[in-house]
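Right, one structure below, let's go through it.
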Amino acid sequence: MEKYDVIIIGAGHAGIEAALASARLGCATLMLTLDSKTIGKMSCNPAIGGVGKGQLVKELDVLGGQMGRAADACGIQFRILNASKGEAVQSSRCQIDMDKYSRYMQKIVKSQGGLRIKEAEVKKLIVKNNQIYGIITEKGEEIAADCLVATPGTFLDGVIHVGMKHFSGGRINEPASIGLGEDLKSLGFNLLRFKTGTCPRLDKNTIDFSRLIVQYGDEPPKPFSFSTKKLTQKQVPCYITYTNKNTHKIILDNLNRSPLYAGVIKATGVRYCPSIEDKIVRFSDKERHQIFLEPQGLKTDEVYPNGISTSLPEDVQLKILHSIEGLENVEVVRFGYGIEHTVVEPTQLFSTLETKLIKNLYLAGQINGTTGYEEAAAQGLIAGINSALRVKDSEPLVLDRSTSYIGVLIDDLTTKGTPEPYRMFTSRVEYRLILREDNADLRLRKIGYKIGLVSKKDYFLAQMKEKAIKEGIKFLQSTRIKPTKQINDNLSRLGTSPIEKAFTLEEILKRPQVTLADIKNLDHIKLDIPKFALSQVEIEVKYAGFIQRQLVEVEKFKNLEKIKLPQDLNYGSINGLSREIKEKLLKFKPINLGQASRISGVTPAAISMLLVWIKKINGQWPISPPERSRAGNN
């Protein structure tokens, strides 16, 4: 029997990150895929990043993941979303050359030492005494492993819908994975059915671009990876058009042919990325909906009309498209479709992404109820790291809500679950002002380096940046300017009041009308701050008060996170807890008091009772009485 340290099921975004992390940490790793030619294939839109998602990619990068570097190598338009808003909600996004991305990832995976790729379908898991020991393929072949990471995406019992037609498939023209879902159910996992969908693909030669709004990327484009010095890929524009009243009438007239509204699709769909038919019904007051026409690559004629995901019949899809300005004569390369797939209820996972039922079995990606490339890749990286650390008998990596967007993503899934496909947003993150894109390297690069996925050079650059920021702030605090006519004239031009006495540069920069560039121009002031640290210095100074308040909140949060809860704790014996709360604590098995406090229905009073119980066990308060009081009232 073949034997590996770690087996990865799946070769999508989660599978790639898991496999690379495991192999790079020195584990003999096997990646199983139905078709090696589809490794890294982008199933839906040709883009990486977005609101909340860009942060995930940045964090992946500094922990040693691959997605950010891949996006930089294959990106054909880069933009900062919410650029006019505060830094806390700014997110990177780029259009991707889809074919190049897949080829890039295949090259990376196939050249990775310690990683073998095998084409096979997993039918069954080998489990003994609630512990994983390997897998059985569709041919009956048994392969042993110490740990296993399952990342089947939409292929797990996938069913594709186009109008009233439906058939088995994990992606169009690709077979679904059948059998593994039933095996997971037989092992005791609670399974759900979720639905997602994709748009038709259009022939760009049949689009009238002269009638559309052009949208260019940022100049200069800003890369995802902190290791990318310059983007060299050719950049291209996207185009914008809109649906109209005629479009909406066509959709409403054909709702009876929609599998979603005819009751054929029973699964729960994506709230924040609904199909076009769902948009028209749910937002009936809107006269039009925006559509972004996104190129799928530099060497393809295919265009992705982002905003009109649909599972309506092909003839209706064509009518919809022909009703839209600029698309009156468009030809369809491939029609859109909806897809149902099986999901494991994610509250059955620890925050390491190991399952609670089966030891050494990790789940990552859409199997955990998420939607999106970035959410999948983030989970894949963490699952791959933790499976490798388990093989090495090392402490697992757990990122909490105060450290990262990845921590929020996993904590949301494992403590709250998700009744619908989960998508990351900045609004889900309590401490987003200190968890920005620009400081991801300062927050997490050290963790990636300690684990062994980040080079000494990259870690040194992060240290150098941190030092430069501190010295830059110190320079602003210690450098004073005196009132002169030129300085005051320049301040007045900026719309801020002149000075009558000496002020530090830090005090001047705190004014909302003034930037670091403005300070430099006040009176030929030489800023003793390296170019790569300027942005962070400005953010740290301008938001100092808000940042400090969030840091205080984080300290309170961490007090509860430090209090570990024994996994064998008998919650049923704790007097004062309601039956409902006891059942929830037994079901979720929180690893610490902070996680317990975020379980829906677990009250502050219950947290106080748990504190008392832990004191009885340990003979002392796990945190000081004042902190205990605040924790109970959170």
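- Residue pairs that meet the salt bridge (charged side-chain N to carboxylate O under 4.0 Å, His left out) test with at least one member in residues 573-583, sequence neighbours left out, are Arg579-Glu583, Glu580-Lys584.
- Taking a 6.0 Å sphere around CG of Asp393, one finds it holds 12 or fewer heavy atoms contributed by other residues, nucleotides or ligands.
- For the side-chain hydrogen bond (donor to acceptor under 3.5 Å, both in side chains) test with Glu345, the passing option among Thr418, Asn368, Asn190 is Asn190; the others fail.
- Checked by atom type and distance alone, the side chain of Asn360 never pairs as donor or acceptor with a backbone atom of Gln131 at under 3.5 Å.
- When side chains are defined from C-beta on, Gln595 counts as touching Thr414, because their heavy atoms get closer than 4.5 Å.
- Smallest separation of non-hydrogen atoms from Pro421 and Gly269: CD-O, 3.1 Å.
- In this structure, Val6 and Asp146 have side chains that are not in contact, with every pair of non-hydrogen atoms separated by 4.5 Å or more.
- Interatomic distance, CD1 of Ile8 versus OH of Tyr362, reported as 11.0 Å (0.5 Å rounding).
- The distance from atom CZ of Arg432 to atom OG of Ser427, rounded to the nearest 0.5 Å, is 7.0 Å.
- The minimum heavy-atom distance linking Pro274 with Arg282 is given by the pair CB-NH1, 3.6 Å.
- Proximity of a side-chain donor or acceptor of Asp183 to a complementary backbone N or O of Ser186 within less than 3.5 Å is not detected.
- When the side-chain hydrogen bond (donor to acceptor under 3.5 Å, both in side chains) test is applied to Thr29, the partners found at least two apart in sequence or on another chain are Ser22.
- Judged by distance alone, with hydrogens and angles left aside, the side-chain atoms of Glu17 form a donor-acceptor pair with the main-chain N or O of Met67 at under 3.5 Å.
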Quick one: do Leu413 and Leu349 satisfy side-chain contact (heavy atoms from CB on, under 4.5 Å)? Show the steps, please. CA-CA 8 Å; Leu413 293 173; Leu349 305 175; over 6 Å; no
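- Under the side-chain contact (heavy atoms from CB on, under 4.5 Å) criterion, Lys195 pairs with Ile265, Ala267, Ser275, Glu340, not counting sequence neighbours.
- A 4.5 Å side-chain heavy-atom check between Met464 and Leu461 finds at least one atom pair inside the cut-off.
- You'll find the side chain of Leu611 reaches within 4.5 Å of the side chain of Ile563, heavy atoms only.
- No more than 12 heavy atoms of other residues, nucleotides or ligands shown are found within 6.0 angstrom of CZ on Phe546.
- Atoms CG and CZ, from Leu433 and Arg549 in turn, are 9.5 Å apart once rounded to the nearest 0.5 Å.
- Atom CG of residue Asn570 and atom CG of residue Leu585 lie 11.5 Å apart, to the nearest 0.5 angstrom.
- The side-chain heavy atoms of Pro590 and Ile599, taken from C-beta on, include a pair separated by under 4.5 Å.
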Derivation of the side-chain contact (heavy atoms from CB on, under 4.5 Å) call for Leu25 and Leu453: CA-CA 7 Å; Leu25 290 175; Leu453 290 178; 3.8 Å; yes
Verdict with supporting geometry, Leu509 and Lys542, side-chain contact (heavy atoms from CB on, under 4.5 Å): CA-CA 7 Å; Leu509 183 57; Lys542 282 192 171 295; 4.1 Å; yes
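- Here salt bridge (charged side-chain N to carboxylate O under 4.0 Å, His left out) pairs that include residues 459-472, with residues two or more places apart or in two chains, are Asp441-Lys465.
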Show me the side-chain donor-acceptor pairs of residues 78-89 shorter than 3.5 Å, one per line, residues at least two apart or across chains.
from, atom 1, to, atom 2, distance (Å)
Asn82, ND2, Val89, O, 3.0
Glu87, OE1, Tyr543, OH, 3.1

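- Judged purely by distance below 3.5 Å, without hydrogens or angles, the side chains of Gln55 and Ser91 pair a donor atom with an acceptor atom.
- For Thr154 (side chain) and Gly170 (main-chain N/O), a donor-acceptor pair under 3.5 Å exists by modelled atom type.
- Residue pairs meeting the salt bridge (charged side-chain N to carboxylate O under 4.0 Å, His left out) criterion with at least one partner in residues 401-413, sequence neighbours excluded, are Arg401-Asp411, Arg401-Asp412, Arg401-Glu430, Asp411-Arg598, Asp412-Lys416.
- Put simply, CD on Glu553 and CD on Glu555 are 11.5 Å apart, with the number rounded to the nearest 0.5 Å.
- With a 4.5 Å cut-off on side-chain heavy atoms, Ile9 and Phe155 do not count as touching.
- In terms of modelled atom types and a separation under 3.5 Å, the side chain of Lys279 and the main chain of Gly307 share a donor-acceptor contact.
- In terms of modelled atom types and a separation under 3.5 Å, the side chain of Tyr373 and the main chain of Cys44 share a donor-acceptor contact.
- With no hydrogens or angles considered, a side-chain donor-acceptor pair links Arg69 and Ser227 at under 3.5 Å.
- Within the 4.5 Å cutoff, no side-chain heavy atoms of Tyr4 are placed close to those of Cys27.
- Looking at Lys222 and Glu437, no side-chain N of the basic residue comes within less than 4.0 Å of a carboxylate O on the acidic one, giving no salt bridge.
- Of the inter-residue distances, the one linking Asn386 atom CG with Leu381 atom CG reads 9.5 Å to the nearest 0.5 angstrom.
- Counting heavy atoms from C-beta outward, Tyr422 and Leu409 have side chains that approach closer than 4.5 Å.
- Side-chain polar atoms of Thr342 and Asp157 form a donor-acceptor pair below 3.5 angstrom.
- The salt bridge (Lys or Arg N to Asp or Glu O under 4.0 Å) test applied to Arg24 returns no partner, not counting sequence neighbours.
- Under the side-chain contact (heavy atoms from CB on, under 4.5 Å) criterion, Pro419 pairs with no residue at all, not counting sequence neighbours.
- Note on ring orientation: taking the six-membered ring where Trp is involved, the planes of Phe557 and Tyr431 are perpendicular (angle over 60°, cut-offs 30° and 60°).
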Check step by step if side-chain contact (heavy atoms from CB on, under 4.5 Å) holds for Ile358 and Leu125. CA-CA 10 Å; Ile358 309 296; Leu125 305 181; over 6 Å; no
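- Relative to the six-membered ring of Phe226, Lys58 meets both conditions, a distance below 6.0 Å and an angle of at most 45° to the axis.
- Around atom CD of Glu182, no more than 12 heavy atoms belonging to other residues, nucleotides or ligands sit under 6.0 Å away.
- Other residues, nucleotides and ligands contribute over 12 non-hydrogen atoms within 6.0 Å of the CD atom of Gln567.
- Checked against side-chain contact (heavy atoms from CB on, under 4.5 Å), Val454 has the following partners two or more places apart in sequence or in another chain: Arg445, Tyr449, Asp458, Tyr459.
- Within the structure, the salt bridge (charged side-chain N to carboxylate O under 4.0 Å, His left out) test picks out the following pairs touching residues 362-387 (sequence neighbours left out): Lys53-Glu374, Lys53-Glu375.
- In this structure Glu354 satisfies the side-chain hydrogen bond (donor to acceptor under 3.5 Å, both in side chains) test together with Arg390, sequence neighbours excluded.
- Residues satisfying the side-chain contact (heavy atoms from CB on, under 4.5 Å) test with Glu540, not counting sequence neighbours, are Arg436, Ile469, Ile473, Ile547.
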